[in-house]
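Read through the structure below, which is laid out as structure tokens, and then see the notes.
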Amino acid sequence: MVDGRVGQLIDTVAWVLIQDGRILCARPRGKGIFYIPGGKREGAETDLQTLVREIEEELTVALLPETVVHVGTYEAPLHGPYSGAVVRMSCYTAEFDGTIAASSEIEEVAWFDYRDRGRVPPVDQLLFDDLVAAGRLR
């Protein structure tokens with residue numbers, strides 16, 4: 001079967017929130033895997049615009065744009081049966097206003113440490129590796 005994603009670059013942004021040596025992850029409805037919160041840009045959105053929109057949609061909190069800091073960009077094969085597709089994930093930290101809660105598109109949120117690395121897709125695993133090497137993830 002030929003898939004439209006073969007050879008495609010999927011450009012995403014993600015919010016890195018670490019508390020007590022654990023990172024916030026979210027599992028979308030109908031999915032069996034967790035992801036770092038965030039998503040794909042719409043149209044000509046900037047990373048910042050995409051990040052703020054996606055986090056508000058997924059976790060019902062408002063990121064404070066003046067606190068957003070880039071922490072790394074990672075690329076890895078897309079998780080699943082889409083041979084040849086690659087995900088690029090630009091990761092940012094940011095302070096936020098509000099209380100984190102799963103939205104209608106998110107089934108579950110959880111705090112992961114490095115032992116949970118196998119529960120996230122390959123691109124997220126690269127972030128986990130860097131965070132543990134930096135002593136930020138237990």
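Being a predicted model, the structure only gives us computed values, none of them experimental. Hydrogens, waters and symmetry mates are skipped; everything else that's a heavy atom, side chains included, is used.
Within the 4.5 Å cutoff, no side-chain heavy atoms of Val86 are placed close to those of Leu78. Side-chain contact check for Leu17 versus Trp111: some heavy-atom pair is nearer than 4.5 Å.
Side-chain atoms of Tyr35 and Asp124 include no donor-acceptor pair closer than 3.5 Å. Side-chain N/O atoms of Glu58 and Ser103 include no donor and acceptor closer than 3.5 Å.
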Under 3.5 Å donor-acceptor pairs involving side-chain atoms of residues 25-33, not counting sequence neighbours:
unit_1 : atom_1 : unit_2 : atom_2 : d
Arg27  : NE     : Glu108 : OE1    : 3.2
Arg27  : NH1    : Lys31  : O      : 3.0
Arg27  : NH2    : Glu108 : OE1    : 3.1
Arg29  : NE     : Ser104 : O      : 2.5
Arg29  : NH1    : Glu107 : OE1    : 2.8

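Checking each of Val13, Thr93, Asp47, Leu51 against Val68 for a side chain to side chain contact (heavy atoms under 4.5 Å, CB included) leaves exactly one that passes, namely Leu51.
Salt bridge annotation for Glu42-Arg53: present, with a cationic side-chain nitrogen under 4.0 angstrom from a carboxylate oxygen. Between Arg41 and Asp11, at least one side-chain nitrogen of the basic residue sits less than 4.0 Å from a carboxylate oxygen of the acidic one, meeting the salt-bridge criterion.
When hydrophobic clusters are built by joining Ile, Leu, Val, Met, Phe, Trp and Tyr residues whose side-chain heavy atoms come closer than 4.5 Å, directly or via intermediates, Ile10 is grouped together with Val123. When hydrophobic clusters are built by joining Ile, Leu, Val, Met, Phe, Trp and Tyr residues whose side-chain heavy atoms come closer than 4.5 Å, directly or via intermediates, Tyr92 is grouped together with Leu24. Cluster membership check: Phe112 shares its hydrophobic cluster with Val71, using side-chain heavy-atom separations under 4.5 Å among Ile, Leu, Val, Met, Phe, Trp and Tyr. Residue Val52 is not grouped with residue Met89 when hydrophobic side chains (ILVMFWY) are merged at heavy-atom distances under 4.5 angstrom, including chains of intermediate members. Clustering ILVMFWY residues whenever any of their side-chain heavy atoms sit less than 4.5 angstrom apart, transitively, puts Leu59 in the very cluster that holds Leu48.
Taking each heavy atom of Glu54 and Gly38 in turn, the nearest pair found is OE1-O, 3.4 Å. The two residues Lys40 and Thr12 make their nearest non-hydrogen contact at CG-CG2, 3.7 Å. Across Leu63 and Pro65, no two heavy atoms sit closer than the pair O-CD, 3.1 Å. Of all non-hydrogen atoms in Tyr114 and Asp129, the two that sit nearest each other are OH-OD1, 2.7 Å. The two residues Gly21 and Leu137 make their nearest non-hydrogen contact at O-CD1, 3.3 Å. Across Gly98 and Val61, no two heavy atoms sit closer than the pair C-CG1, 3.8 Å.
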inquiry  = With salt bridge (Lys or Arg N to Asp or Glu O under 4.0 Å) as the criterion, how do Arg115 and Asp113 come out once you've worked through the C-alpha distance, each side chain's angles and the decisive distance to 0.1 Å?
reply    = CA-CA 5 Å; Arg115 293 172 296 187; Asp113 61 28; 2.4 Å; yes

request  = Go through Ile100 and Thr60 one step at a time and tell me if the side-chain contact (heavy atoms from CB on, under 4.5 Å) criterion holds.
outcome  = CA-CA 6 Å; Ile100 294 171; Thr60 71; over 6 Å; no

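Judged by distance alone, with hydrogens and angles left aside, the side-chain atoms of Thr50 form a donor-acceptor pair with the main-chain N or O of Thr46 at under 3.5 Å. Looking at Gln125, its side chain does come within 3.5 Å of a backbone N or O of Val120 through a donor-acceptor pair. When atom types are taken as modelled, the side chain of Trp15 and the backbone of Ala94 share a donor-acceptor pair closer than 3.5 angstrom.
Within a 6.0 Å radius of CD in Glu95, other residues, nucleotides and ligands contribute 12 heavy atoms or fewer. For Glu56, the CD atom counts as loosely surrounded, since its 6.0 Å shell holds 12 or fewer non-hydrogen atoms of other residues, nucleotides or ligands.
Applying the ring-ring contact (aromatic ring centres under 6.0 Å, His included) definition to pairs two or more places apart or across chains, none involves residues 117-138.
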